[in-house]
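Here's the structure, in structure tokens; my notes come after.
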Amino acid sequence: MENKPEMFCYQCQETARGKGCERIGVCGKHPETSARMDLLLYAVRGVAAINRALRERGLASREASHEVIDALFTTITNANFDNDSLDDFIRRAFEVKKSLLAQARSAGIQLPAISHIEFFATPEEAEKYEPVTGVLAETDEDKRGLKQLAIYGCKGMAAYARHAANLGYEDDEVYAVIENAMAETARDDISVDELLKLVLYVGSGGVSVMALLDSANTGTYGNPEITKVDIGVRNRPGILISGHDLKDLEELLEQTQGKGVDVYTHSEMLPAQYYPAFKKYPHFAGNYGNAWWKQTDEFETFNGVFLFTSNCIVPPRKNCTYLDRVYTTGVVAMPGTHHIEAGPDGRKDYSELIARAQSCEAPTEIEHGEIVGGFAHHQVIELAPKIIDLINRGKIRKFVVMAGCDGRFPSRAYYTRFAETLPEDCVILTAGCAKYRYNKLPLGDIEGVPRVLDAGQCNDSYSLVRIALALKDAFKLESVNDLPIVYNIAWYEQKAVIVLLALLSLGVQNIHTGPTLPAFFTPDILKVLQEKFNIATISTVEQDIDTLINNNP
């Protein structure tokens, strides 16, 4: 009993020993928090299964769909560390499930024969059954790994669906994919072949939800433009906004006008700098800092107030000076911080945060200069004639998709070295916080085309797909795999998982990923992915450049 794990989680790339966190999460998640997340996932799998049955009768509940995506989103890595907040999610999920059960019974709907725990109507009933292990109770390791792959893909989908919904863009087919996948993972009798199809089905949903979010962002704020972003500081107090939600940024910018404070972007909010709608705000300053994992150092020097709009929050060190100046919103929560809820009209009141910022010192500069971004699909497709000419003249030999996530482990220095070592006739296409490994390197350009083209946030990997499809059509090729494009993608958490599944659902071959493969990949799962898609993990910089660029396997 002494060696019994206090928790088990292996949903991120940094999981302990590459196998699973059993005492405390590498992310900082404690066992009691992990247990709450497990219980929440139980509840929402039941919600998903019942809502799927209702959907078949045209009776699906939007409230239930929202509960599913928010529960999945809040359990994503580095989003919610607050037990009280998770208790609220659990309570709401069981209330919704109880209501759906009554609705289904009233309609005479026969519910699917899945694991009985999914249908407990209260958390107290569920907690009578110990241990609560969910998918981990699956004894077949291949099925278990594929179920986790589908669930983690759904978590990534849920994050993107929430951001789109915040802007008024929703698609019931996206909700249907998530709910069907969550329900199917609760089946005891599902086969490996069915699960493989389910995983690609989730991937196709990933393409749909990223297209939806792209429409939401560009339809609301315009198409991203090529933009030079200042990475220095101004001399007024600042608010540093992190995460991915552009609606939260818009409301913050509106409420801070004329208040004597500047708003800076951090980490995955950097691409907001590229949208034309935000450029009208003179107090919208540049970008401060780097990827999410450096915040425990960089927040000490910012001196102002912080707003987290999605995942990527990190528990601070015990002696930190900034925790009381951290505000969270949406699905994000952490003990010791301040949470801002939306009002009855959906609007968020940032007045407390702004007043706090006004009393702060200006940020301390940690770097200066500019970085260039804004190369989403609309902008790059406008450059297509020039790019095609450069390819035809042999000036551009390969595009290297280096999208995905950054992380703390020293092994990720590989991506910086890879970018530095790439031949000068290669161009990097990037999206996500992985870009912080190389977006400040002096890599130059090819006849005016920068060698690092930043499409935006992780969800803007959809832009990279649009670019590839446009080039395929321009060169009259049958497949995107015939293009001079290779894929070397870094992953960290579940949004990178849905990006990978989306690419696989489109038939993209020869993807290299790293720094390590997911712990939930069994040898047989990896074998199937290698046979179908020739997926591989990274090796050395020199070997991978020889393989990917010089075509020497």
Side-chain angles (χ1 to χ4, degrees), residues 7-15 20-21 24-49 64-94 96-97 117-118 123 126 132-136 147-163 175 178-179 181-183 185-186 202 209 243-245 292 308-315 328-335 339 405 458 491-498 518-520:
M7 59 178 282
F8 188 84
C9 181
Y10 57 3
Q11 69 177 2
C12 83
Q13 187 273 322
E14 292 182 353
T15 194
C21 296
I24 188 172
V26 171
C27 65
K29 181 170 59 181
H30 287 273
E32 58 272 20
T33 305
S34 182
R36 284 171 166 82
M37 290 184 174
D38 289 342
L39 182 57
L40 179 56
L41 288 176
Y42 281 129
V44 296
R45 285 207 304 178
V47 172
S65 295
H66 290 170
E67 202 63 46
V68 170
I69 64 170
D70 288 345
L72 288 169
F73 192 1
T74 204
T75 60
I76 211 167
T77 304
N78 287 344
N80 195 335
F81 296 87
D82 187 82
N83 293 339
D84 290 340
S85 169
L86 290 168
D87 286 341
D88 287 340
F89 274 101
I90 292 167
R91 175 185 52 77
R92 290 196 303 271
F94 275 103
V96 170
K97 184 162 70 167
I117 197 162
E118 311 304 329
V132 177
T133 49
V135 171
L136 293 175
K147 286 182 177 182
Q148 296 287 37
L149 185 56
I151 290 171
Y152 296 155
C154 286
K155 287 190 177 190
M157 279 189 69
Y160 298 148
R162 169 42 68 193
H163 293 313
Y175 296 146
I178 294 172
E179 290 163 10
M182 294 298 291
T185 61
V202 171
V209 77
H244 305 73
D245 200 283
W292 60 272
F308 280 91
T309 67
S310 69
N311 59 310
C312 299
I313 190 170
V314 177
T328 60
T329 192
V331 302
V332 189
M334 179 180 287
H339 192 75
C405 313
C458 53
W491 85 283
Y492 178 76
E493 44 80 47
Q494 298 81 70
K495 285 185 284 186
V497 171
I498 193 57
F520 45 88

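As a basis for the values below, the full set of heavy atoms in this structure was taken, side chains included, without hydrogen atoms, waters or symmetry mates. What you see is a predicted model; the values in this text were computed from it and never measured. When a residue number appears, it is its place in the shown sequence, counting from 1.
Of all the heavy atoms in Val209 and Ala161, the pair that sits closest is CG2-N, 3.6 Å. Annotation for Pro315 and Cys27: closest pair CD-O, 3.3 Å, computed over non-hydrogen atoms. Heavy-atom minimum distance, Ala93 versus Leu40: CB-CD1, 3.9 Å. The nearest pair of heavy atoms linking Trp292 to Val314 is CE3-CG2, 3.5 Å. Between Cys21 and Thr15 the shortest heavy-atom distance is N-OG1, 3.2 Å. For the pair Thr33 and Phe81, the tightest heavy-atom approach, listed with the atom from each and the gap, is OG1-O, 4.1 Å.
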Assess the residue pair Phe8 and Asp38 against the criterion (side chain to side chain contact (heavy atoms under 4.5 Å, CB included)); give the C-alpha distance rounded to whole Å, side-chain angles, the decisive distance to 0.1 Å, and a yes or no. CA-CA 10 Å; Phe8 188 84; Asp38 289 342; over 6 Å; no
Audit row: Ser85, His339, side chain to side chain contact (heavy atoms under 4.5 Å, CB included) steps and yes/no: CA-CA 10 Å; Ser85 169; His339 192 75; over 6 Å; no
Kindly determine whether Cys154 and Glu179 satisfy side chain to side chain contact (heavy atoms under 4.5 Å, CB included), including the steps that lead there. CA-CA 9 Å; Cys154 286; Glu179 290 163 10; over 6 Å; no
Between Tyr152 and Ile498, does the side chain to side chain contact (heavy atoms under 4.5 Å, CB included) criterion hold? Intermediate values first, please. CA-CA 7 Å; Tyr152 296 155; Ile498 193 57; over 6 Å; no
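In this view, Tyr492 and Arg408 satisfy the side chain to side chain donor-acceptor pair (under 3.5 Å) rule, not counting sequence neighbours. Residues passing the salt bridge (Lys or Arg N to Asp or Glu O under 4.0 Å) test with Glu493: none are found, sequence neighbours excluded. Residues forming a side chain to side chain donor-acceptor pair (under 3.5 Å) with Thr309 (at least two apart in sequence, or on another chain): none. Among residues two or more places apart in sequence or in another chain, the side chain to side chain donor-acceptor pair (under 3.5 Å) test is passed with Asp88 by none.
In this structure, the separation between OG1 on Thr328 and CZ on Phe308 is 9.5 Å, given to the nearest 0.5 Å. We find the CZ-CD1 distance between Arg45 and Ile151 to be 5.0 Å, quoted to the nearest 0.5 Å.
Proximity of Tyr160 to Cys458: side-chain heavy atoms (C-beta onward) are separated by under 4.5 Å at one or more points. Within the 4.5 Å cutoff, side-chain heavy atoms of Leu39 are placed close to those of Phe94. Taking the side chain as every heavy atom from C-beta outward, Ile24 and Lys29 never approach each other to under 4.5 Å. Annotation: side chain of Lys495 is in contact with side chain of His244 (closest heavy-atom distance under 4.5 Å).
Applying the salt bridge (Lys or Arg N to Asp or Glu O under 4.0 Å) test to pairs two or more places apart or on separate chains, those with a residue in residues 75-87 are Arg36-Asp87.
No donor-acceptor pair closer than 3.5 Å links the side chain of Ser34 to the backbone N or O of Met7. In terms of modelled atom types and a separation under 3.5 Å, the side chain of Lys147 and the main chain of Thr185 share a donor-acceptor contact. Listed for the His163 side chain is no donor-acceptor partner under 3.5 Å among the backbone atoms of Ser310.
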Donor-acceptor pairs under 3.5 Å, side chain of residues 70-79 to any protein atom, not counting sequence neighbours: which ones?
| residue | atom | partner | partner atom | Å |
| --- | --- | --- | --- | --- |
| Asp70 | OD1 | Arg162 | NE | 2.8 |
| Asp70 | OD1 | Arg162 | NH2 | 3.4 |
| Asp70 | OD2 | Arg162 | NH2 | 3.2 |
| Thr74 | OG1 | Asn80 | ND2 | 3.0 |
| Thr74 | OG1 | Val331 | O | 2.8 |
| Thr75 | OG1 | Ala71 | O | 3.2 |
| Thr75 | OG1 | Leu72 | O | 2.9 |
| Thr75 | OG1 | Lys155 | NZ | 3.2 |
| Thr77 | OG1 | Gln11 | NE2 | 3.3 |
| Thr77 | OG1 | Gln494 | NE2 | 3.0 |

